[in-house]
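Here is the structure we will look at.
Both counts, for ligands and for their atoms, begin at 1 and track the order of listing.
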Amino acid sequence: MSRRELLTGFLGAAATVAIPGVFAGVAQAQSPAGAGAFTLPPLGYGYDALEPHIDTQTMTIHHKNHHQSYVNALNGLTDKYADLAKKPIEQILSAIGEVPEAVRTPVRNNLGGHFNHTFFWESMTPGGAKQPAGELKGAIEGTFGSLDKLQEEMTKAGLARFGSGWSWLAVGKDKKLAVFSTANQDTPHMDQSAMPVIGIDVWEHAYYLKHQSRRADYLKAWWATLNWDKAAANFKKAAA
Ligand code: MN3
């Protein structure tokens, strides 16, 4: 066998091994009956449903590729940390320091990413923003003065986050509403012991195709997608 044949044979064998692996990963993530404990949740609306505020291509790549990658990484961690597939997600996030050190960083990043994105998709709705109502409306006005002021605070937090992260409205340990940002895929549970009400992804992948470097434009446009009914339900759960 020539060197060329050897090389071709080697590459052929590698490809045969790699391709089923890739498909197995996708199938597992899409089928709750599969071996993977974690699955990519379907969007409750189409990839084009949030146009023109968030473009179809961004939604598609963000959900199918970025979120899927966190899911795949989690399924690769369950054999190293069995509790990952057993404990409720928010319980793990709230006690991230108790996760074994050997897997703590990947759990932080990928479980955080999975939680944040699931939360994010559910926080948006087609057809334009609904209006804040009931207890959440009262709490926002009581804490920030007005909805405009809250939006200003969350925009400020999002713009001040250097690099990648999230801008949050959350209920803190003191049961009061607060605005802050987190780095990377950190969630409000981790360092603030807080429960999220509204979260805006400020990673470049969330806006770059449409807004390029103009994060402020994205932060302004994003509010038109907010599902206030979901935010009100988040507030009720967090304030309980
Ligand atoms: Mn994202």
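Looking at His117, its N, O or S atom nearest to the Mn ion (ligand 1) turns out to be NE2. Closest N/O/S atom of His205 to the Mn ion (ligand 1): NE2. For Asp201, the N, O or S atom closest to the Mn ion (ligand 1) goes by the atom name OD2.
In this model, a donor atom of one side chain and an acceptor atom of the other lie less than 3.5 Å apart for Trp121 and His67. Checking Asn65 against His205 by side-chain atom types alone, no donor-acceptor pair falls below 3.5 Å.
Among the atoms of His62, an N, O or S atom falls under 2.8 Å from the Mn ion (ligand 1).
No donor-acceptor pair closer than 3.5 Å links the side chain of Asn184 to the backbone N or O of Asp186.
Surrounding CD of Gln57 are at most 12 heavy atoms belonging to other residues, nucleotides or ligands under 6.0 Å away.
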